[in-house]
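What follows is a structure written as structure tokens; I'll ask about it next.
Being a predicted model, the structure only gives us computed values, none of them experimental. Letters go in sequence order (proteins before strands), and every chain restarts at 1.
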Number of protein chains: 2
Amino acid sequence: MPSYTAPTKDMQFVLHDVLKVTETGVPGYDELERDFTEAVLDAAGKVSTEVLAPLNAVGDRVGCVMENGVVRTPEGFKAAFAAMKDGGWTALDCDPEYGGQGMPYVLATAVGEMFVSANMAFNMYQGLTHGAYSAIHVHGTAEQKQTYLPKMISCDWTGTMNLTEPHCGTDLGLMRTKAEPQEDGSYKITGQKIFISAGEHDLAENIIHLVLAKAPGGGEGTKGISLFIVPKFIVNADGSLGARNAVSCGKIEEKMGIHGNATCVMNYDGATGWLLGDLHKGMRAMFTMMNEARLGVGLQGYAVGEAAYQNAVIYAKDRLQGRAVTGAENPSGPADPLIVHPDIRRTLMDQKSFLEGARTFTFWAAHLIDRSRRSGDAAAEGMVSLIIPVLKGFLTDKGFETAVTAQQVYGGHGYIEEWGMSQFARDARIAMIYEGANGIQALDLVGRKLAQDGGKHVMAFFEMVKTFIKENEADAALKEGFLDPLKAASKDLQTAAMFFMQNGMKNPNAALAGSYDFMHLFGHVCLGLMWARMGKAAMAALAEGASDTAFYETKIATGRYYMARQLPMTATHLARIQSGADPVMALPAEAF
Amino acid sequence: MPSYTAPTKDMQFVLHDVLKVTETGVPGYDELERDFTEAVLDAAGKVSTEVLAPLNAVGDRVGCVMENGVVRTPEGFKAAFAAMKDGGWTALDCDPEYGGQGMPYVLATAVGEMFVSANMAFNMYQGLTHGAYSAIHVHGTAEQKQTYLPKMISCDWTGTMNLTEPHCGTDLGLMRTKAEPQEDGSYKITGQKIFISAGEHDLAENIIHLVLAKAPGGGEGTKGISLFIVPKFIVNADGSLGARNAVSCGKIEEKMGIHGNATCVMNYDGATGWLLGDLHKGMRAMFTMMNEARLGVGLQGYAVGEAAYQNAVIYAKDRLQGRAVTGAENPSGPADPLIVHPDIRRTLMDQKSFLEGARTFTFWAAHLIDRSRRSGDAAAEGMVSLIIPVLKGFLTDKGFETAVTAQQVYGGHGYIEEWGMSQFARDARIAMIYEGANGIQALDLVGRKLAQDGGKHVMAFFEMVKTFIKENEADAALKEGFLDPLKAASKDLQTAAMFFMQNGMKNPNAALAGSYDFMHLFGHVCLGLMWARMGKAAMAALAEGASDTAFYETKIATGRYYMARQLPMTATHLARIQSGADPVMALPAEAF
């Protein structure tokens with residue numbers, strides 16, 4: 001069975017050596033001293049390895065079961081969920097006014113990575129709750145907040161997001177779920193929602209569904225959509241639970257993975273709901289949660305990859321097979337461990353260099369969200385809106401690839417469920433799909449974010465890369481191994497953006513046909529930038545006489561690998577983009 | 001539930017327009033007239049769509065079940081297997097002397113593609129039997145052939161290959177299974193084998209296991225290994241079935257996919273076996289089957305991708321979501337079909353251009369095997385040995401990628417088992433692993449095949465590409481869209497081969513660290529060459545006034561897509577290769 005070790009040391013490196021969180025001036029970051037973050041990360045790591053990871057396999061094998069409308073989570077989930085609640089892990093970055101701990105989002109993100117690596121399906125129950133919490137926190141009335149937030153922060157009540165219907169996922173304008181206004185100010189919600197994660201389960205007293213529906217008078221398409229709070233049990237004025245609402249789980253889906261989380265068909269049969277936020281502004285309300293939700297899914301992509309990678313390393317060191325081509329390295333044994341073989345080493349380096357880059361990228365983005373929220377920094381907010389589709393799309397594609405590559409290290413055993421590597425690949429797969437399929441992320445990036453605010457944010461990104469290179473190129477080691485490749489990759493990205501500007505006006509298909517490649521190109525440049533920063537930080541630590549030289553030397557070598565072996569991919573993405581719309585759109589639909 | 005349509009028209013194009021099989025002079029190819037191959041392909045297509053495809057989902061959902069040592073295949077498999085036998089589909093390219101039909105392997109390969117697309121797990125029962133048939137056919141004594149081949153050709157008896165043991169897969173020198181010689185000339189086989197596909201099931205009267213084991217006196221490592229025939233039921237002198245042999249299935253594995261095929265742990269407890277081929281030459285005997293077996297797995301990779309692609313196309317045409325950026329294309333409907341969107345189109349073109357290239361590559365390789373076998377053509381044999389690891393590794397990696405991409409077109413529905421797209425991804429995954437994991441294919445290619453016979457075969461490959469370009473570059477349309485990109489890609493491949501020659505002598509790791517990228521680089525050049533040939537054939541057909549202009553124009557546009565959007569990948573592979581061993585091997589093992 002797979003194991004999991006919390007990468008707290010690497011997280012500390014990212015927080016303190018690279019992002020230097022305490023020096024950023026973000027309000028609340030002064031508490032993020034090394035000792036404090038280490039204590040939080042160590043404690044979270046302990047929960048992850050001792051409570052969550054051991055339930056990952058059973059969650060997959062047994063999954064959720066529905067009988068007579070009741071959904072049971074796998075054995076052990078209830079106790080683990082109680083442990084998470086008791087430990088205060090559900091309240092980390094929530095508002096202290098309602099019982100939260102008010103910690104920075106960047107720290108909650110680090111903790112979240114561990115929880116997801118240890119047990120992605122389990123962590124979704126609280127992850128979805130956090131999303132619903134955020135929506136109510138931002139858009140709710142004082143009364144709604146007082147009614148729902150304390151119980152959701154403690155996860156006594158969990159939450160869900162209800163968007164998709166059988167005939168519409170991305171295109172929510174086609175939505176059919178109706179909200180009929182009642183005399184008492186509530187609404188009757190009627191319709192069917194699908195793919196509702198954690199829609200029904202046995203972990204909480206109540207489930208607070210946030211439901212998109214069409215109320216009269218809003219007009220066609222997405223304009224008519226509003227957001228509603230629809231609790232499973234109506235909450236009485238005194239906070240106690242009242243009548244069962246007319247919402248029920250029609251069935252739970254058999255999925256490729258994340259079996260431990262119940263994916264539900266939810267039926268609303270005139271269920272009582274209350275408007276959340278403004279009437280007919282439901283889409284806008286959803287959008288305010290989007291950056292955080294998409295960051296969370298991008299994180300899932302690489303966090304599951306991290307767990308898979310750790311086990312691939314263990315297997316590669318343990319499994320004896322063949323001899324090193326340069327001479328036996330385990331001469332007293334019957335064969336050498338897999339890790340001596342260059343191609344195994346290549347796959348491990350691919351995984352490791354991606355994962356550490358992804359972690360820094362994600363923490364950096366989380367820090368920008370803190371900066372935007374806590375300092376009202378509009379530039380940070382703009383940067384976040386630009387990079388979030390890249391983070392979600394690139395990290396989930398590469399995270400899945402990482403899980404598949406880790407599985408491959410196991411040979412035939414990787415395909416046998418008992419060994420657990422298949423689960424990582426199957427679980428990671430969903431992150432490419434939900435919260436906006438990755439093609440939609442690419443569309444968002446190229447069709448909306450690039451030109452947002454007159455292209456200001458993408459210009460700021462290029463400026464940031466340029467400034468970093470300029471400020472550091474006197475350092476020959478950094479320049480050769482990190483900055484020169486970054487400069488080349490960034491130039492490819494700029495050339496691609498220029499291509500879209502020159503061709504996309506005349507022919508939008510010319511930009512959209514290259515959108516997916518652009519998202520990946522952008523992702524590589526982001527990871528290249530992160531590695532350049534990490535390389536700089538590691539070199540600085542060594543120069544300052546840090547005692548753990550092996551850690552920092554490993555960091556530099558891993559970064560050099562990424563720059564030498566992964567970053568050249570930008571040239572191929574650029575070539576594809578520059579081939580334009582013609583090859584992509586040449587065929588009439590009937591030719592397929 | 002997914003559907004499957006046999007691509008017989010495209011197969012006819014490959015056989016007759018591209019390979020021009022009847023003009024090749026290969027003995028037996030004169031029977032491959034258009035009408036004849038059409039009749040065979042149509043009939044095989046009918047079996048595939050009507051008998052095999054409808055059982056694919058149940059095979060996955062129910063899988064094989066073992067009770068008291070008896071393995072039951074899913075409901076419907078028995079009847080389908082009987083239909084395959086009755087139709088003579090198991091005997092297609094087998095030796096007429098033992099009841100086979102003696103057809104060329106290239107035609108059996110085309111038929112096999114359909115069977116695999118329709119139901120990969122089911123087709124493995126006969127696929128494994130065919131492998132065992134080949135081994136006995138090549139290495140068996142006259143008596144062994146007479147005893148086993150007729151029943152195996154008819155699939156009254158099925159066959160298996162037993163190589164892997166719990167502690168050794170690739171490194172067979174570590175093998176522990178023992179063969180003790182008996183006075184009557186037989187051997188007692190004792191040991192445990194794992195991952196034995198079709199090791200036990202209820203489709204046949206008898207199962208003929210081919211088992212690698214160590215007999216005394218052969219020395220250490222692989223040198224001591226011999227191959228044995230170990231039937232489940234001992235065959236009496238008159239051909240009737242005698243005593244149950246001491247071989248049994250210990251358990252069947254829970255796998256990520258191919259649930260319809262039983263993957264067995266086989267226990268040999270002093271089972272009676274007979275030597276097949278020469279004593280201590282078991283590895284060599286296995287190697288003679290290897291090209292065909294690896295071609296079969298490469299075929300699985302793209303054939304499952306083909307089935308996934310077909311369903312992605314159906315969904316993309318059917319599912320209404322969003323509007324074309326260039327204006328509504330389905331204005332009377334609530335939304336446009338997915339296929340109008342450039343990024344969906346891109347994924348379909350990626351899939352289509354890979355699949356048709358892969359089909360031609362595979363049929364070409366099968367034709368070379370025919371040429372080698374039927375004409376004793378040593379150059380063809382050399383070319384086959386060179387390209388087989390490329391075909392196996394590249395087509396299975398890309399085939400899996402294709403299945404995943406097809407699944408992605410379905411959005412959330414792709415993740416729900418009911419829709420069937422997850423099965424394609426899960427089934428395709430195994431082809432990257434078994435019959436030599438793809439890293440082993442890369443090692444075989446770079447470590448053995450490149451330098452084989454003084455590098456003669458790779459030189460012949462480059463010469464073939466060069467000649468094709470030279471002979472056709474007067475054609476401006478072919479030159480611009482096909483030959484120029486092919487020339488650039490081929491140059492990248494030559495540069496990479498040169499890099500290995502210059503650096504691999506001093507440091508074998510420099511070659512091995514780039515082996516995987518080289519395999520993919522080579523794969524792209526092969527598909528580029530196939531597309532250049534297909535482009536030429538399609539242009540010729542149009543010039544000759546072929547009536548189905550849409551088919552040929554589609555072929556040309558699809559090829560141009562591959563050349564413009566896929567072939568640029570060779571530059572990235574080359575860059576990685578040229579970065580050498582240092583980035584890959586920089587870290588000590590304990591740094592992971």
Side-chain angles (χ1 to χ4, degrees), chain A residues 164 169-171 174 195 253-256 313 317 321-322 325-326 334-335 339 342-343 345-346 348-349 408 411-412 414-418 422 430 432-434 437 439 442-443 508-509 512-513 515-516 554 557 560-561 564-565 568-569 571-572 575-576 579 581 583-587 589 591-592, chain B residues 164 169-171 174 195 253-256 313 317 321-322 325-326 334-335 339 342-343 345-346 348-349 408 411-412 414-418 422 430 432-434 437 439 442-443 508-509 512-513 515-516 554 557 560-561 564-565 568-569 571-572 575-576 579 581 583-587 589 591-592:
Chain A
T164 305
T170 301
D171 191 354
L174 303 175
F195 302 158
E253 307 281 3
E254 296 287 336
K255 308 185 298 294
M256 186 177 182
V313 168
K317 288 178 176 177
Q321 208 79 176
V325 67
T326 45
I339 202 167
D343 190 60
R345 197 63 78 94
R346 172 194 64 81
L348 296 179
M349 289 301 292
Q408 188 75 13
Y415 201 66
I416 308 296
E417 292 294 351
E418 188 184 342
S422 161
I430 188 60
M432 297 158 68
I433 298 174
Y434 62 18
L443 181 65
N509 283 343
L512 297 184
S515 59
Y516 211 90
T554 296
R560 293 178 70 101
Y561 181 92
R565 306 266 308 191
M569 192 63 207
T572 295
R576 285 183 190 153
S579 75
V584 175
M585 304 302 286
L587 294 181
F592 287 90
Chain B
T164 305
T170 301
D171 190 353
L174 303 175
F195 302 159
E253 307 281 4
E254 296 288 334
K255 307 183 300 290
M256 183 177 185
V313 168
K317 289 179 175 176
Q321 208 79 178
V325 66
T326 46
I339 201 165
D343 190 62
R345 197 62 76 95
R346 171 193 64 81
L348 296 179
M349 290 301 291
Q408 187 75 11
Y415 202 66
I416 308 296
E417 292 294 352
E418 189 184 341
S422 161
I430 187 59
M432 296 157 69
I433 298 173
Y434 62 18
L443 181 66
N509 283 344
L512 297 184
S515 59
Y516 211 90
T554 297
R560 292 178 71 100
Y561 180 92
R565 306 265 309 190
M569 192 62 208
T572 295
R576 286 183 188 152
S579 75
V584 175
M585 304 302 288
L587 295 181
F592 288 89

So what's closer than 4.5 Å to chain B heavy atoms on A/Tyr434: side chain, backbone, both or neither? neither
Minimum heavy-atom separation for B/Ala591 to A/Thr554, with atom names?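 Minimum heavy-atom contact is CB-OG1, 3.5 Å.
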Can you tell me which portion of A/Lys255 sits under 4.5 Å from chain B's heavy atoms? Options are side chain, backbone, both or neither.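 For A/Lys255, backbone and side chain are both near chain B.
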Leading residue by heavy atom contact count with chain A [cutoff under 4.5 Å; candidates B/Tyr415, B/Tyr561, B/Tyr516]: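 The option with the most such pairs is B/Tyr415.
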Using a cut-off of under 4.5 Å on heavy-atom pairs, state which of B/Ala571, B/Gly169, B/Ala557, B/Ala437 scores highest against chain A.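 That would be B/Gly169.
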Which region of A/Thr326, side chain (C-beta onward) or backbone (N, CA, C, O), has a non-hydrogen atom less than 4.5 Å from a non-hydrogen atom of chain B, or is it both or neither?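 A/Thr326 touches chain B through side-chain heavy atoms alone.
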Would you mind telling me which of B/Val325, B/Val313, B/Thr164 has the largest number of heavy-atom pairs within less than 4.5 Å of chain A? B/Val325
Go through B/Gln408, B/Glu418, B/Met585 and name the one with the most non-hydrogen pairs under 4.5 angstrom from chain A. B/Gln408
Please state whether the side chain, the backbone, both or neither of A/Ala586 comes within less than 4.5 Å of a heavy atom of chain B.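 For A/Ala586, the contact with chain B is made by the side chain alone.
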Considering non-hydrogen atoms only, spot the tightest contact between B/Ala589 and A/Lys317 and give its length. O-CE, 3.2 Å
Would a distance-only check, ignoring hydrogens and angles, find a side-chain to backbone donor-acceptor pair under 3.5 Å from A/Arg576 to B/Pro568? no
Please report the closest heavy-atom contact between B/Pro342 and A/Leu512, naming both atoms and the distance. CG-CB, 3.7 Å
Output the option from A/Gly412, A/Ala335, A/Ala564 having the highest count of non-hydrogen pairs under 4.5 Å with chain B.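 Most pairs with chain B among the choices: A/Gly412.
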Contact origin within B/Leu348 toward chain A - heavy atom pairs under 4.5 Å: both
Check: A/Glu253 and B/Glu417 side chains under 4.5 Å, non-hydrogen atoms: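 No, their side chains stay 4.5 Å or more apart.
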Quick check on B/Thr170 against chain A: is it the side chain, the backbone, both or neither that has a heavy atom closer than 4.5 Å? both
A/Arg346 (side chain) donor-acceptor with B/Ser515 (main chain) under 3.5 angstrom: no
Looking at B/Met349, B/Gln321, B/Glu254, which has the largest count of heavy-atom pairs under 4.5 Å with chain A? B/Gln321
If you count heavy-atom pairs within less than 4.5 Å of chain A, which of B/Ala581, B/Ala575, B/Ala513 leads?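 Greatest number of close heavy-atom pairs with chain A: B/Ala513.
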Does B/Asp171 use its side chain to pair, donor to acceptor, with the backbone of A/Gly322 at less than 3.5 Å?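 Checking the backbone N and O of A/Gly322 against the side chain of B/Asp171, a donor-acceptor pair under 3.5 Å is found.
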Please classify the contact of A/Leu174 with chain B as side chain, backbone, both or neither, using a heavy-atom distance under 4.5 Å. side chain
Nearest heavy atoms of A/Gly411 and B/Ile433, plus distance in Å: C-CG2, 3.3 Å
